[in-house]
Number of protein chains: 2
Amino acid sequence: MSENTRSYAALRPSAVSSLAGELRLACMRISRRVRYESTDSIAPHQFSVMCRLEESPRSPGELAEIERVSAPSMTRTVGGLVERGWVERAPHPTDKRQVVVTLTDDARKALKDTRRKRDAWMAVRVSNLDPEEQAILLRASEILTKVANE
Amino acid sequence: MSENTRSYAALRPSAVSSLAGELRLACMRISRRVRYESTDSIAPHQFSVMCRLEESPRSPGELAEIERVSAPSMTRTVGGLVERGWVERAPHPTDKRQVVVTLTDDARKALKDTRRKRDAWMAVRVSNLDPEEQAILLRASEILTKVANE
DNA sequence: TATTGTTATACTCTATAACTATA
DNA sequence: TATAGTTATAGAGTATAACAATA
């Protein structure tokens, strides 16, 4: 019998509940530690908006909806990003009411740098784990990603 | 050969780096989803302080240091908790400069309720996973907790 | 008349500096 | 003189309401 065909018993409800609590806490602790250790200069809400713009330019309205903040808040956030030279506002090609917000090359560099720093903290911890623990986390990260995207 | 004696190869540096990035992102996504889905009435900073006080009463200074915020910020946070009836300020038995902040019974109930709601989202997701995936997450939560507490 | 974005204003959480009481 | 906590004040980020420009 190889590991791939081994059968596992499903967890009982009480065990599911306990695991859910522990797992949730563990993820929150990791998030907090990563954020604290990274000491990056991009504020969380700015970072989040910049990530959205990495894929494609968007209007302030779209950004507000995606980030679930009010339109005036997004106006302010975009304004701050413009001041720092990380995004640019341009008129919409056809609808003159709309504005198109685009990421600058400087912003792409800043994002890359920030991610590198955030990953560094985690990379050190992961590299200090046993190979077996690393293997488990490899599978767990896939499962957690799937769960978060549900 | 059982799983317990199976040997795993250590990840190469590039794989460690990749795993670290994926794992960090997965934890942050889970945190965000949990926070978004729980819609609880306790603000994050209040919740965090209340958790610290669950173990034992503490002074505002201690709380400020643990939470890594300024003393005036903690004064304000504690003030808000007092207003909501979740903590009480009492004079220190020997040092009259100090204040002892204690959690009320109402707060303990509110904490329990909030945790139950937060766990609920995660519990539903966990119960829908394969038994094998549940087993992996069980081990992963232990490892992640260890990493976060390092 | 509806939609997009901005401005006006206010509330919360954060910080630093100055102040009070006590050690 | 140093320490614990608070108050004073200001800087972000958030929200709702009101407004201007355009569809």
Side-chain angles (χ1 to χ4, degrees), chain A residues 28 31-32 35-36 38-53 56-103 110 114, chain B residues 31-32 35-36 38-53 56-103 114:
Chain A
M28 292 180 77
S31 287
R32 210 179 304 138
R35 190 168 304 164
Y36 179 75
S38 71
T39 66
D40 48 54
S41 57
I42 309 179
H45 64 295
Q46 292 183 325
F47 186 77
S48 192
V49 166
M50 285 164 71
C51 289
R52 303 297 186 178
L53 293 174
S56 71
R58 291 177 192 280
S59 70
E62 276 181 291
L63 290 170
E65 194 181 351
I66 294 170
E67 295 293 311
R68 298 177 206 271
V69 295
S70 66
S73 284
M74 191 48 68
T75 293
R76 194 184 170 83
T77 299
V78 169
L81 289 172
V82 168
E83 271 184 31
R84 296 195 63 164
W86 281 337
V87 306
E88 281 165 358
R89 273 192 258 237
H92 190 277
T94 57
D95 187 338
K96 288 188 179 176
R97 293 173 307 178
Q98 288 194 49
V99 169
V100 178
V101 184
T102 315
L103 211 61
T114 297
Chain B
S31 288
R32 212 178 303 138
R35 188 167 306 162
Y36 180 72
S38 72
T39 64
D40 47 55
S41 59
I42 309 179
H45 64 293
Q46 291 183 325
F47 185 79
S48 190
V49 165
M50 286 164 71
C51 289
R52 303 297 186 177
L53 293 174
S56 72
R58 293 177 190 280
S59 70
E62 276 181 292
L63 290 171
E65 195 182 350
I66 293 171
E67 295 293 311
R68 300 177 205 271
V69 295
S70 65
S73 283
M74 191 47 68
T75 292
R76 192 181 172 84
T77 298
V78 169
L81 289 172
V82 168
E83 273 184 29
R84 295 196 63 164
W86 282 337
V87 305
E88 281 166 358
R89 274 190 256 237
H92 190 277
T94 58
D95 186 340
K96 289 187 179 175
R97 293 172 307 178
Q98 288 194 49
V99 169
V100 179
V101 184
T102 314
L103 211 60
T114 296

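A, B, ... follow the sequence lines: proteins, then strands. Residue 1 opens every chain.
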Residues from residues 76-93 of chain A lying under 4.0 Å of DNA chain C - heavy atoms: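 Correct list: A:R89.
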Establish, with yes or no, whether the OP1 or OP2 oxygen of D:dG5 is under 4.0 angstrom from a side-chain nitrogen or oxygen of B:T75.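 Looking at the OP1 and OP2 atoms of D:dG5, neither is under 4.0 Å from any side-chain N or O of B:T75.
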Does the side chain of B:S70 get closer than 4.0 angstrom to OP1 or OP2 of C:dT14 through an N or O atom? no
Are the side chains of A:V49 and A:M74 in touch, meaning some heavy atoms are under 4.5 Å apart? yes
Which residues pass the side chain to side chain contact (heavy atoms under 4.5 Å, CB included) test with A:E65, sequence neighbours left out? none
Can you list the residues that meet the side chain to side chain contact (heavy atoms under 4.5 Å, CB included) rule with A:S59, with sequence neighbours excluded?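 Expected list: A:E62, A:Q98.
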Could you state the atom-to-atom distance from [atom1] of [X] to [atom2] of [N] in whole Å?
| X | N | atom1 | atom2 | value |
| --- | --- | --- | --- | --- |
| A:E65 | C:dT3 | CD | P | 13 Å |
| A:E67 | D:dG13 | CD | P | 14 Å |
| A:F47 | D:dA12 | CZ | C1' | 19 Å |
| A:L63 | C:dT6 | CG | P | 11 Å |
| A:H45 | C:dC13 | NE2 | P | 17 Å |
| A:M74 | C:dT7 | CE | P | 16 Å |
| B:Q46 | C:dC13 | CD | P | 6 Å |
| B:I42 | C:dC13 | CD1 | C1' | 17 Å |

Check side-chain hydrogen bond (donor to acceptor under 3.5 Å, both in side chains) between A:S56 and all other residues, then give those that pass, not counting sequence neighbours.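 Listed in chain order: nothing, the list is empty.
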According to side-chain hydrogen bond (donor to acceptor under 3.5 Å, both in side chains), who are the partners of B:T102, at least two apart in sequence or on a separate chain? none
Sort and list the pairs that fulfil salt bridge (Lys or Arg N to Asp or Glu O under 4.0 Å) and have at least one residue in residues 87-100 of chain A, not counting sequence neighbours. A:D95-A:R97
Between CG on residue A:L63 and CG on residue A:L53, distance to nearest 0.5 Å: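 Reported value, rounded in 0.5 Å steps: 5.0 Å.
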Distance check, rounded to the nearest 0.5 Å: B:T114 atom OG1 versus B:M50 atom CE? 7.0 Å
Table please: side-chain donor-acceptor pairs of residues 76-85 of chain A below 3.5 Å, with sequence neighbours left out.
| unit_1 | atom_1 | unit_2 | atom_2 | d |
| --- | --- | --- | --- | --- |
| A:T77 | OG1 | A:S73 | O | 3.1 |
| A:R84 | NH1 | A:S41 | O | 3.4 |

Given pairs defined as Watson-Crick or G-U wobble with both distances under 3.5 Å, what dot-bracket annotation applies to DNA chain D, with ( ) intrastrand, [ ] crossing, | other strand and . unpaired? |||||||||||||||||||||||
Decide side chain to side chain contact (heavy atoms under 4.5 Å, CB included) for B:I66 and B:R58; before the verdict, give the C-alpha distance in whole Å, the side-chain angles of both, and the deciding distance to 0.1 Å. CA-CA 10 Å; B:I66 293 171; B:R58 293 177 190 280; 3.7 Å; yes
With B:R52 via salt bridge (charged side-chain N to carboxylate O under 4.0 Å, His left out) - residues at least two apart: B:E67
What is the per-nucleotide protein-contact pattern of nucleotides 17-23 of chain D, from the 5' end, where B denotes a base atom under 4.0 Å from a protein heavy atom, S denotes such proximity for sugar-phosphate atoms only, and - denotes neither? B----BS
